[in-house]
Amino acid sequence: MKEQDRDQDARFRDDAKALREIGAHLDAQLDRVTVRLPRAVAEAAMAAWERDERAGPGRESPARYALRDQAAELALIGLALSERGRREGEEYVVALDVASAGAALRAFQQSA
């Protein structure tokens, strides 16, 4: 490994440590955020939670791993909807963990 790469890796590790430290402070301040979701996507999330995936993931590329991670996040949102969501007309209202809300936002932003 080149010295330049080692220096860059060290900076990335320092940056990751700082991000974790910010996360520690945020974790103490944030819990859940109440959101409104259209019925169709809320029901898709609940269906993802209820799905029975018996097969293992198989060989994974980085892209497939990222997709599977997003599918898992969707299922966790479905769990929250199933446990504490309520339907209001054509929407569901639920208090989502900030991490789940953030995962959904990242998925949207990465697709744009």
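Bear in mind that the values here come from a model prediction, so they are computed numbers and not experimental data. Every heavy atom of this structure was used, including side-chain atoms; hydrogens, water molecules and symmetry mates were not.
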A.B. asks: Please report the shortest heavy-atom distance between Ala42 and Leu37, naming the atom on each side.
C.D. replies: CB-CB, 4.4 Å
A.B. asks: Do Ile22 and Leu30 land in one hydrophobic cluster if side-chain heavy atoms of ILVMFWY residues count as linked below 4.5 Å?
C.D. replies: yes
A.B. asks: Name every donor-acceptor pair, under 3.5 Å, that has one atom in a side chain of residues 7-21 and the other anywhere in the protein, sequence neighbours excluded.
C.D. replies:
none

A.B. asks: Name all residues meeting the side-chain hydrogen bond (donor to acceptor under 3.5 Å, both in side chains) criterion together with Glu50; count only those two or more places apart in sequence or in a different chain, and write none if there are none.
C.D. replies: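 Here no residue qualifies.
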A.B. asks: Within the structure provided, determine whether Gln70 and Gln110 are in side-chain contact (heavy-atom separation under 4.5 Å).
C.D. replies: yes
A.B. asks: Using modelled atom types only, decide if a donor and an acceptor are shared between the side chain of Ser100 and the backbone of Leu96 within a distance under 3.5 Å.
C.D. replies: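 Between the backbone of Leu96 and the side chain of Ser100 there is no qualifying donor-acceptor contact (under 3.5 Å).
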A.B. asks: Would you list the pairs meeting salt bridge (charged side-chain N to carboxylate O under 4.0 Å, His left out) in which at least one residue belongs to residues 103-112, sequence neighbours left out?
C.D. replies: none
A.B. asks: Flag yes if Tyr92 and Val33 sit in one hydrophobic cluster, no otherwise; membership is Ile, Leu, Val, Met, Phe, Trp, Tyr, and two members link when side-chain heavy atoms are under 4.5 Å apart.
C.D. replies: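 Yes; tracing contacts between hydrophobic side chains, which count when under 4.5 Å, links both residues.
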A.B. asks: Between Glu91 and Arg86, does a side chain to side chain contact (heavy atoms under 4.5 Å, CB included) hold up when you go through it step by step?
C.D. replies: CA-CA 8 Å; Glu91 294 181 315; Arg86 69 182 185 279; over 6 Å; no
A.B. asks: Decide if atom CD of Glu88 counts as having more than 12 heavy atoms of other residues, nucleotides or ligands within a radius under 6.0 Å.
C.D. replies: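 Yes - once you tally the heavy atoms of other residues, nucleotides and ligands closer than 6.0 Å, there are more than 12.
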A.B. asks: How far apart are the closest heavy atoms of Gly89 and Arg87, and which atoms are they?
C.D. replies: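 Scanning both residues completely, I find the closest heavy atoms to be O-NE, 3.0 Å.
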A.B. asks: Which heavy atom of Leu81 sits nearest to which heavy atom of Ala45, and what is that distance?
C.D. replies: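 Closest heavy-atom pair between Leu81 and Ala45: CD1-CB, 3.9 Å.
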A.B. asks: Please report the closest heavy-atom contact between Ala44 and Leu74, naming both atoms and the distance.
C.D. replies: O-CD2, 4.3 Å
A.B. asks: A side-chain contact here means heavy atoms from C-beta on lying under 4.5 Å apart; do Thr34 and Val93 qualify?
C.D. replies: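 A side-chain contact exists here, since the closest heavy-atom pair is under 4.5 Å.
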A.B. asks: Side chains of Asp31 and Val98: closer than 4.5 Å at any heavy-atom pair?
C.D. replies: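 No. Closest side-chain heavy atoms not under 4.5 Å.
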A.B. asks: Do you know which two heavy atoms are closest between Met46 and Ser82, and how far apart they sit?
C.D. replies: CG-OG, 3.6 Å
A.B. asks: For Glu43 and Arg39, what are the C-alpha separation, side-chain angles and deciding distance, and is it a salt bridge (charged side-chain N to carboxylate O under 4.0 Å, His left out)?
C.D. replies: CA-CA 6 Å; Glu43 289 176 351; Arg39 179 180 172 190; 2.9 Å; yes
